[in-house]
Amino acid sequence: MNPTQPDARADLDAQWLAAQIDEPSARGIAATVAALIRAGTITPGSRLPTVRALALRLGVSPATVSEAWSMLRRRRAVTGRGRAGTVVIGPPDVPHPRRFEEVGRHGSRLLHDLRLAVPDTALLPPLDAALAAALRTAELHEYNRVPITERLADAVRPTWPFPPADLLAVNGGFDALLLLCQTLVVSGDKVAVEDPTAPRLLDILDAVGAEVIPVRCDERGPRPDALADAVRRKPVLFIYQPHAHSPAGHSVDATRSAELAAELRDSETLVIEDDGLAELAPGPVHTLGTALPDRVVFVRSYSKSHGPDLRLAVLGGAAPLVERARVYRTFGSGWTSRILQNCLAHLLTDPHTHELVAQAGETYRTRRRTLAEALAARGVRTGGTEGLSLWMPVEDERSALVTLAAHGVAVVPGGRCFFGPHEPFLRVATSRLHDHVDEVADLLAFAAFEEHDPGQPTTRR
């Protein structure tokens, strides 16, 4: 490797860079460029050669170089700047969940923090008896890699929305989504995702190098015509929330589920269904697992319903897909704590806990409905019926955020939940909003319409 580069901050010469590369594969190109950046031979601000120019010098396809640049972008070593080309940022770094990390960045002078749609700790069931019961197991501290304990499997099967061929306990809902995406998606694969969706899911797809195909939604979930358009591009996965969608609050009904199944039936697209509320959201879950059992994995998180420190979710469905996730876990933790699994099993089968979770679900619905009604009285219409947040339309996201911040209110911009262009929205967490509702509604309406004063009636234009 010849390290001599006359002006490292200028446009890098394709012939020079090609001479440094011994292995002209995507990984080989990316590894060489990363090594040159670490060594300081290529410095921040340098512009990489065009894809076509380097491909011509290396005698490879432009797609190979493009994939190498994508690998470097995911490691935050380079960035694309439109017509300015691909520019070096610095030495490779680990991928960051930038959408999720930005949710927590706000000033400390807050009157109403409505960013995180998380459970109210006062409404979570007690764990003492469940933990004591969980310790009574003959396998305690054994190094047996148990995908799911018998107790937990027996507890979740009766409420699973379709008969699962296999089950696996993991450390939370997003751990399940990351695990499935790592095992089912190869860098460059297309993945169809409902739009809007959870910001952390978009971060996960960035991290695994997926090409996202947004599937627009209406008040009944993903639109069949949008899914049909996505399927024509041959995605390896379709990821969506069939029930109590976060952030919009809608649920897929039986008719819509059948329409989505029809669009997927003749494709090879696999399906991941994400359920983040579990027993907090009543009503049947209309799953694609009934129509496409060999291609669907359903993920149910129990963090919001039974406690985030349990760190538990269960994924279940098509056995080959669940098995791939299980095998991949053997590189790391191997299994989820049997103590925590059996603790959750006790909670799921305890009648008193069932009542507590049902009461918590009703409390969350009341809080959400109360703010929605207060906003409606001020001319701001919101949609959906379930969840721990409201999806609120505004005239301008940025202006609304600034206005709310000036009044000590923090919310999440809807843009973090979309992959592409979108209507302006705010996501307003309601799960811990149990007082000052009128004050909050005044401020939200004021921010939505901008020109009105807090406390004055407004009308949606």
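Computed from heavy atoms alone, side chains included, the values below leave out hydrogens, waters and symmetry copies. Numbers for residues simply follow the sequence, beginning at 1.
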* Between the side chain of His245 and the main-chain N/O of Pro196, is any donor-acceptor distance below 3.5 Å? -> yes
* Kindly indicate, with the supporting measurements, whether the criterion side-chain contact (heavy atoms from CB on, under 4.5 Å) is fulfilled by Thr137 and Arg151. => CA-CA 10 Å; Thr137 173; Arg151 290 193 218 174; 3.8 Å; yes
* From CA spacing to verdict: side-chain contact (heavy atoms from CB on, under 4.5 Å), Leu433, Arg367 -> CA-CA 7 Å; Leu433 184 63; Arg367 291 176 182 178; 5.5 Å; no
* To do: Could you tell me whether the side chain of Arg145 and the main chain of Arg326 form a donor-acceptor pair under 3.5 Å?
  => no
* Indicate whether the side chain of Ser305 and that of Arg300 have a donor and an acceptor atom separated by less than 3.5 Å. => no
* Asked: So, Asp203 and Arg200, do they make that salt bridge, N to O below 4.0 Å?
  -> no
* **Pair Arg427, Ser246: side-chain N/O donor-acceptor within cut-off below 3.5 Å** => no
* Asked: Within the distance-only criterion (no hydrogens, no angle test), does the side chain of Tyr302 pair as donor or acceptor with the backbone N or O of Val314 below 3.5 angstrom?
  -> no
* Exam field: side chain Arg76 to backbone Arg73, donor-acceptor pair closer than 3.5 Å -> no
* Asked: Under 3.5 Å, side chain of His141 to main-chain N/O of Glu139, donor-acceptor pair present?
  -> no
* Asked: Quick one: does Glu194's side chain have a donor or acceptor within less than 3.5 Å of a partner on Gln241's backbone?
  -> yes
* Gap separating the OG1 atom of Thr366 from the CG atom of Leu371, nearest 0.5 angstrom -> 12.5 Å
* Can you check side-chain contact (heavy atoms from CB on, under 4.5 Å) on Leu270 and Val236, steps first, answer last? -> CA-CA 6 Å; Leu270 305 174; Val236 297; over 6 Å; no
* Yes or no on side-chain contact (heavy atoms from CB on, under 4.5 Å) for Val394 and Val380, after CA distance, side-chain angles and deciding distance? -> CA-CA 8 Å; Val394 294; Val380 181; over 6 Å; no
* Donor-acceptor pair, Glu67 side chain versus Gly188 backbone, under 3.5 Å? -> no
* To do: Kindly say whether Pro222 contributes a backbone atom to a donor-acceptor pair with the side chain of Arg256 at under 3.5 angstrom?
  => yes
* Asked: For Leu401 and Pro413, which heavy atoms make the closest approach, and how far apart are they?
  -> CD1-CB, 3.5 Å
* **Check: Arg324 side chain, Thr183 main-chain N or O, donor-acceptor pair, under 3.5 Å** => yes
* To do: Output yes when Asp113 and Arg115 qualify as a salt bridge under the 4.0 Å nitrogen-oxygen rule, no when they do not.
  => yes
* Asked: Do side-chain atoms of Asp195 reach the backbone of Phe419 as a donor and acceptor pair under 3.5 angstrom?
  -> yes
* Structure fact -> SG (Cys343) and CG (Leu135) are apart, to the nearest 0.5 Å, by 9.0 Å
